[in-house]
Undergrad: 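Can you read through this structure? Questions will come right after.
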Amino acid sequence: QVELVESGGGSVQAGGSLRLSCAASEYTLSRFRMGWFRQGLGKERQGVASITAGGMTSYADSVAGRFTVSKDNALYLQMNSLKPEDTAVYYCAASPVYGLGTPQPAEFTYWGRGTQVTVSS
């Protein structure tokens with residue numbers, strides 16, 4: 001059973017930073033491709049960033065250069081220079097299948113419950 005629990009969301013002004021965490025087992029972090037996704041109100045869930053078991057990272061164009069995905073004993077998403085359009089519920093997810101590129105929801109099997117990020121202008 002793969003369990004994922006996000007934390008670190010909150011409210012911040014535009015230009016600010018937040019760091020999201022996703023608690024997962026060592027087995028999951030070392031064997032699965034991990035991803036971050038977000039879903040704004042009334043919008044489809046979209047991929048934000050992913051990291052392979054070996055540590056290769058991929059980012060959506062909209063966050064490249066501002067967000068950084070990493071992992072050690074948890075999965076992290078460092079979000080800098082936040083914009084109002086980054087407002088969404090953020091989810092972490094895990095996939096047992098290797099992949100590169102901007103993560104797509106259909107590629108991931110296991111999901112956390114999400115954490116809200118709100119960026120005000």
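Quick caveat, the model's predicted, so the values are computed rather than measured.
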Undergrad: Return each pair, listed once, that meets salt bridge (charged side-chain N to carboxylate O under 4.0 Å, His left out) where at least one residue sits in residues 93-110; pairs must be two or more places apart or across chains.
TA: Arg33-Glu107
Undergrad: Between the side chain of Lys71 and the main-chain N/O of Ile51, is any donor-acceptor distance below 3.5 Å?
TA: no
Undergrad: If you take all heavy atoms of Arg38 and Ala88, which pair is closest and at what distance?
TA: CB-CB, 3.7 Å
Undergrad: Side chain of Glu6, backbone of Arg113: donor and acceptor closer than 3.5 Å?
TA: yes
Undergrad: Measure the spacing between OG of Ser95 and CZ of Phe32 and express it to the nearest 0.5 Å.
TA: 8.0 Å
Undergrad: How many angstroms lie between atom OG1 of Thr102 and atom OH of Tyr59, to the nearest 0.5 angstrom?
TA: 11.5 Å
Undergrad: Kindly compute the distance separating OG (Ser21) from CD (Gln78), expressed to the nearest 0.5 Å.
TA: 9.5 Å
Undergrad: Would you say the side-chain atoms of Ser58 pair up with the backbone N or O of Gly101, donor to acceptor, closer than 3.5 Å?
TA: yes
Undergrad: Is there a path of hydrophobic side-chain contacts, each under 4.5 Å between heavy atoms of I/L/V/M/F/W/Y residues, joining Tyr76 to Val69?
TA: no
Undergrad: List the steps and the verdict of side chain to side chain contact (heavy atoms under 4.5 Å, CB included) for Gln39 and Tyr91.
TA: CA-CA 8 Å; Gln39 188 166 15; Tyr91 301 88; 4.2 Å; yes
Undergrad: Show your working on side chain to side chain contact (heavy atoms under 4.5 Å, CB included) between Arg66 and Met79 and close with a plain yes or no.
TA: CA-CA 6 Å; Arg66 299 189 298 124; Met79 306 186 294; over 6 Å; no
Undergrad: If you count heavy atoms of other groups shown closer than 6.0 angstrom to CD of Glu3, is the number above 12?
TA: no
Undergrad: State the NZ-OG1 distance between Lys43 and Thr87, to the nearest 0.5 angstrom.
TA: 9.0 Å
Undergrad: Give a yes or no on whether Asp61 atom CG has more than 12 heavy-atom contacts from other residues, nucleotides or ligands under 6.0 Å away.
TA: no
Undergrad: As a quick check of understanding, evaluate side chain to side chain contact (heavy atoms under 4.5 Å, CB included) for Lys83 and Val119, giving each step before the final call.
TA: CA-CA 6 Å; Lys83 305 175 181 180; Val119 185; 5.5 Å; no
Undergrad: Are Val63 and Val89 connected in the hydrophobic side-chain network, where two residues link if heavy atoms are under 4.5 Å apart?
TA: no
Undergrad: Nearest 0.5 Å, please: how far is OG1 in Thr28 from CD in Gln1?
TA: 9.5 Å
Undergrad: Taking the six-membered ring where the residue is Trp, are the ring centres of Phe37 and Trp111 under 6.0 Å apart?
TA: yes
Undergrad: Would you name the heavy atoms of Phe108 and Pro103 that are closest together and state the gap between them?
TA: CE1-CB, 3.6 Å
Undergrad: If two hydrophobic side chains count as joined below 4.5 Å and joins carry through other members, does Val48 share a cluster with Val12?
TA: yes
Undergrad: About how many Å separate CE of Met34 and OG of Ser70, when rounded to the nearest 0.5 Å?
TA: 11.5 Å
Undergrad: Count I, L, V, M, F, W, Y as connected when their side-chain heavy atoms are under 4.5 Å apart, and connections chain through other members. Are Tyr90 and Tyr110 then in the same cluster?
TA: yes
Undergrad: Compare every heavy atom of Thr52 with every heavy atom of Gly99, then report the nearest pair and how far apart it is.
TA: O-CG2, 3.5 Å
Undergrad: Starting from the C-alpha separation in whole Å, work towards a yes-or-no answer on side chain to side chain contact (heavy atoms under 4.5 Å, CB included) for Val117 and Leu20.
TA: CA-CA 9 Å; Val117 171; Leu20 304 183; 4.0 Å; yes
Undergrad: For Cys92 versus Leu75, what's the shortest heavy-atom pair and its separation?
TA: CB-CD2, 4.0 Å
Undergrad: Testing the basics here: between Leu4 and Ala24, what is the closest heavy-atom pair and its distance to 0.1 Å?
TA: CD2-CB, 3.7 Å
Undergrad: Please name the pair of heavy atoms, one in Leu18 and one in Leu82, separated by the smallest distance, quoted to 0.1 Å.
TA: N-CD1, 3.8 Å
